[in-house]
**Student:** 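Would you mind keeping the following structure in view while I ask a few things?
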Protein chains: 2
Amino acid sequence: MASAEGLHAARSRGRNTRQLVHEVLRSRIVGLELAPGSAVSENDLAAELGVSRTPVRESLILLADEGLVDIYPQMGTFISRIRERDVASAQFIREALECAALRDAVGKATARDVAELRVLLTAQEEADAQSDMAGFFQLDEQFHQRLMAVSGHASAWPVVSQAKAQLDRARRLSLPLTQQMSLLIGQHREVVDLLEDGDLDRADGALRSHLRLVFSDVEKIRAKHPELFSDQDAPLRPRRESPRRAAARED
Amino acid sequence: MASAEGLHAARSRGRNTRQLVHEVLRSRIVGLELAPGSAVSENDLAAELGVSRTPVRESLILLADEGLVDIYPQMGTFISRIRERDVASAQFIREALECAALRDAVGKATARDVAELRVLLTAQEEADAQSDMAGFFQLDEQFHQRLMAVSGHASAWPVVSQAKAQLDRARRLSLPLTQQMSLLIGQHREVVDLLEDGDLDRADGALRSHLRLVFSDVEKIRAKHPELFSDQDAPLRPRRESPRRAAARED
DNA sequence: ATTGGTCGGCTACCATACAAGTACGTCAGC
DNA sequence: GCTGACGTACTTGTATGGTAGCCGACCAAT
């Protein structure tokens, strides 16, 4: 609600309406504010955000390219359910890129780099102490991004970020469940320590097992929230909720 | 020219106009038919392809997301020049993903997989014998895609393909220059042989050096065709050609 | 000759109108 | 009661109109 009319206000800072809508929708999807499987409509979103269909539509096309929504022509657009295939693919991409970057970072990281990473670690511990889940997610993102930047491959981050989005939707639920923030932080610290020591293989292994722990959580979540997942690779029947509200409102 | 009116004809097969335009433009850009640095216009493309501006515009937005065009609002859209940063990033992504996939493929590849790869190799040799460069490019693409499919990570191919597009624009020029098609094919064969033998580390090394050979060619091309490259990371002055034709036509 | 202002033409951005197609509730016929 | 045709309301796809903004040429003033 708060972002409905505030969209045009922030428009002055270089970014156009399409980019703003894209960011808003992406945030809502990854934050599970828009539930997987639910239908979204270009018209409804345009009305809610106070813009026309065009920027909304263009944003949805980009989101479809990222695999966050599924567009069925003349049928509707739906927040994509979490697909086994997509999650596995995202995990593979993330693991390959982040570990490859880390291997390049070992021996290149300066004392300043390590110090900056440790600053993020203490911030994560503070977020843990305050049970600030949203803050931890943000700091976790920054940590992994910073780690890639140290390797000199910061420009590859968007690809990792896109893959990570598929995983993060499930993690939003898994993190409060298992409450293993401190465990994750410990793994982060281990990676930084091994990076500082220049121990390439063990650093790689530590990061890899860290990423796989995150991955394994997705399966636990699947048991608890099967409605967010899709057994089909390409669901041909998205199943729309019956439009009773229109009939009920008209009376 | 031939694709101007044939666009709507092929529209029946599921894909909509936007996807068709996207494919056409992507093909033209990667094939260097549209030169890096040249200006494109929604209006001109729409008129040429016989469609409205909407699908053209939506395609350009997707191409901008892939890094193949740069959109400057109210100024114009330009085929992106090859940027040092983008090429390095693409190389890193490609190498990390393809090598990681190959490591997963070793020990998993069946005799049938190896046989199918070898079919592609003989086809490549035939293309080499006939100096069929376009055919070789297509077969090269198929080979690398198939290699990833063997590992079970076929769904990660689009990411590789997108990174590869940045490299391919330069390779289109490097390949006829160095005429090393047979060398590349030999490297392909070596990878397949080592994959069949189950020699993980040597297969990884063979593929890695193969990919780096391709990468090193880009630098050679830069010396020959500097106009295709951009020194700036973000060129603020795209430099449009002076619109003299309008003045000259008006007399 | 140089500099500053103005104006025309271009651009992409956004809004809107129309077209094509699907899903689902309704109702007639059995 | 059940089945099948039909119509309405919805969807995305495409086309087109109008707007803000930038560039570059032209021209006047210095």
Side-chain angles (χ1 to χ4, degrees), chain A residues 7-8 11-22 25 38-65 69-79 235-250, chain B residues 7-8 11-22 25 38-65 69-79 235-250:
Chain A
L7 204 129
H8 279 101
R11 188 177 163 181
S12 51
R13 268 186 307 180
R15 296 178 297 192
N16 53 28
T17 307
R18 171 177 71 247
Q19 293 165 338
L20 288 173
V21 171
H22 179 63
L25 292 181
S38 63
V40 292
S41 156
E42 294 178 1
N43 272 319
D44 293 349
L45 288 174
E48 182 195 353
L49 298 175
V51 298
S52 81
R53 267 185 61 205
T54 302
V56 172
R57 171 177 171 78
E58 290 167 351
S59 298
L60 288 176
I61 290 173
L62 284 173
L63 291 170
D65 195 56
V69 304
D70 298 319
I71 300 176
Y72 298 91
Q74 277 74 41
M75 273 192 269
T77 301
F78 302 84
I79 308 299
L236 287 179
R237 302 268 306 171
R239 191 172 298 277
R240 168 186 307 279
E241 74 175 80
S242 61
R244 279 296 172 87
R245 62 173 184 182
R249 187 181 52 193
E250 199 173 1
Chain B
L7 203 127
H8 279 102
R11 188 176 161 180
S12 50
R13 266 187 306 181
R15 295 178 298 191
N16 53 26
T17 306
R18 170 181 11 119
Q19 294 164 337
L20 290 172
V21 172
H22 179 63
L25 291 182
S38 63
V40 292
S41 152
E42 293 178 2
N43 272 318
D44 293 348
L45 288 174
E48 182 196 353
L49 297 175
V51 299
S52 81
R53 279 160 30 216
T54 302
V56 172
R57 170 179 170 77
E58 291 168 350
S59 298
L60 289 176
I61 291 172
L62 284 172
L63 291 170
D65 195 57
V69 304
D70 298 320
I71 299 177
Y72 298 91
Q74 278 70 44
M75 274 193 271
T77 301
F78 303 84
I79 308 299
L236 288 178
R237 303 265 307 168
R239 194 170 294 280
R240 165 186 308 282
E241 75 175 81
S242 61
R244 280 295 175 88
R245 62 174 185 184
R249 189 182 51 193
E250 200 174 358

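Values below: every heavy atom of this structure, side chains too, minus hydrogens, waters and symmetry copies. Each chain gets a letter, A, B and so on, in the order the sequences are listed, and its residues count up from 1.
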**Student:** So does B/R18 get a side-chain nitrogen or oxygen closer than 4.0 Å to the phosphate oxygens (OP1/OP2) of D/dG13?
**Tutor:**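 Affirmative; the distance criterion is met.
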**Student:** Rounding to a whole Å, what distance do you find between B/L49:CG and D/dT14:P?
**Tutor:**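 Nearest whole value for this atom pair: 13 Å.
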**Student:** When rounded to the nearest 0.5 angstrom, what is the spacing between CG in B/L25 and CG in B/L45?
**Tutor:**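 The distance works out to 5.5 Å.
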**Student:** Going by salt bridge (Lys or Arg N to Asp or Glu O under 4.0 Å), name the residues that satisfy it together with A/R18, two or more places apart in sequence or in a different chain.
**Tutor:**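 Only A/E58 meet the salt bridge (Lys or Arg N to Asp or Glu O under 4.0 Å) criterion with A/R18.
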**Student:** Give the nucleotide from the list D/dG13, C/dC14, C/dC13 with an atom nearest to the side chain of B/I71.
**Tutor:**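 Closest nucleotide to the B/I71 side chain: C/dC13.
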**Student:** Base, sugar-phosphate or nothing for B/V56? Non-hydrogen atoms, less than 4.0 Å.
**Tutor:**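 Counting heavy atoms under 4.0 Å across all strands, no contact is made by B/V56.
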**Student:** Before you tell me yes or no, could you show the steps for A/V40 and A/I79 under side-chain contact (heavy atoms from CB on, under 4.5 Å), namely the whole-Å CA-CA distance, both residues' side-chain angles and the distance that decides it to 0.1 Å?
**Tutor:** CA-CA 7 Å; A/V40 292; A/I79 308 299; 3.9 Å; yes
**Student:** Could you pull out all residues at least two apart from B/E42 that satisfy salt bridge (Lys or Arg N to Asp or Glu O under 4.0 Å)?
**Tutor:**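 With sequence neighbours excluded, B/E42 shows a salt bridge (Lys or Arg N to Asp or Glu O under 4.0 Å) to B/R57, given in chain and number order.
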**Student:** Quickly work out the B/Y72 OH to D/dC23 P distance and round it to whole Å.
**Tutor:**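 Distance, rounded to whole Å: 12 Å.
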**Student:** Send over the distance from B/L45 CG to D/dA15 P, rounded to a whole Å.
**Tutor:**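 One finds 14 Å between P of D/dA15 and CG of B/L45, rounded.
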**Student:** Starting from the first five and the last five pairs of the helix from C/dA1-D/dT30 to C/dC30-D/dG1, work out the angle between the resulting helix axes, to 10 degrees.
**Tutor:**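 Overall, the helix from C/dA1-D/dT30 to C/dC30-D/dG1 bends by 10° from one end axis to the other.
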**Student:** Which residues pass the side-chain contact (heavy atoms from CB on, under 4.5 Å) test with B/Q19, sequence neighbours left out?
**Tutor:**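 Applying side-chain contact (heavy atoms from CB on, under 4.5 Å) to B/Q19 gives B/R15, B/N16.
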**Student:** Can you find a pair of side-chain heavy atoms, one from A/I61 and one from A/D65, that are under 4.5 Å apart?
**Tutor:**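 No - every pair of side-chain heavy atoms lies 4.5 Å or more apart.
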**Student:** Restricting to side-chain contact (heavy atoms from CB on, under 4.5 Å), what partner residues turn up for A/A47, sequence neighbours left out?
**Tutor:**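 Partners of A/A47 under the side-chain contact (heavy atoms from CB on, under 4.5 Å) test: none.
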**Student:** Once you round it to whole Å, what is the distance between P of D/dT11 and CG of A/D70?
**Tutor:**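 Going from CG in A/D70 over to P in D/dT11 covers 17 Å.
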**Student:** Working to the nearest 0.5 Å, report the span between OG1 of B/T77 and CG of B/L60.
**Tutor:**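 It comes to 5.5 Å.
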**Student:** Can you tell me the distance, in whole Å, between the CG atom of A/N16 and the P atom of C/dT11?
**Tutor:**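 Going from CG in A/N16 over to P in C/dT11 covers 18 Å.
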**Student:** Nearest to the side chain of B/E42, which nucleotide is it out of C/dC14, C/dA12, D/dT14?
**Tutor:**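 That would be C/dA12.
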**Student:** If we only count heavy atoms from C-beta on, is the A/L20 to A/T17 side-chain gap below 4.5 Å?
**Tutor:**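 The answer is no, as the side chains (C-beta and beyond) never meet within the 4.5 Å cut-off.
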**Student:** State which of D/dT12, D/dT14, C/dA15 makes the closest approach to the side chain of A/P55.
**Tutor:**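 Output: C/dA15.
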**Student:** What are the atom names and distances for every N/O pair under 3.5 Å that joins the protein to nucleotides 16-22 of chain D?
**Tutor:**
| residue | atom | partner | partner atom | Å |
| --- | --- | --- | --- | --- |
| D/dG17 | O6 | B/R53 | NH2 | 2.4 |

**Student:** Please report, rounded to the nearest Å, how far the P atom of C/dC18 is from the CG atom of A/N43.
**Tutor:**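 Value for this atom pair: 15 Å.
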**Student:** Can you find a side chain N or O atom of B/T77 that sits less than 4.0 Å from OP1 or OP2 on C/dT11?
**Tutor:**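 So the side-chain polar atoms of B/T77 never come under 4.0 Å of the phosphate oxygens OP1 or OP2 of C/dT11.
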**Student:** Of the nucleotides D/dA15, D/dT12, C/dT11, which one has an atom closest to the side chain of B/D44?
**Tutor:**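 So the nucleotide nearest the side chain must be C/dT11.
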**Student:** Using whole Å, report how far CZ of A/R15 lies from P of C/dC13.
**Tutor:**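 Taking atom P of C/dC13 as the reference, CZ of A/R15 is at 16 Å.
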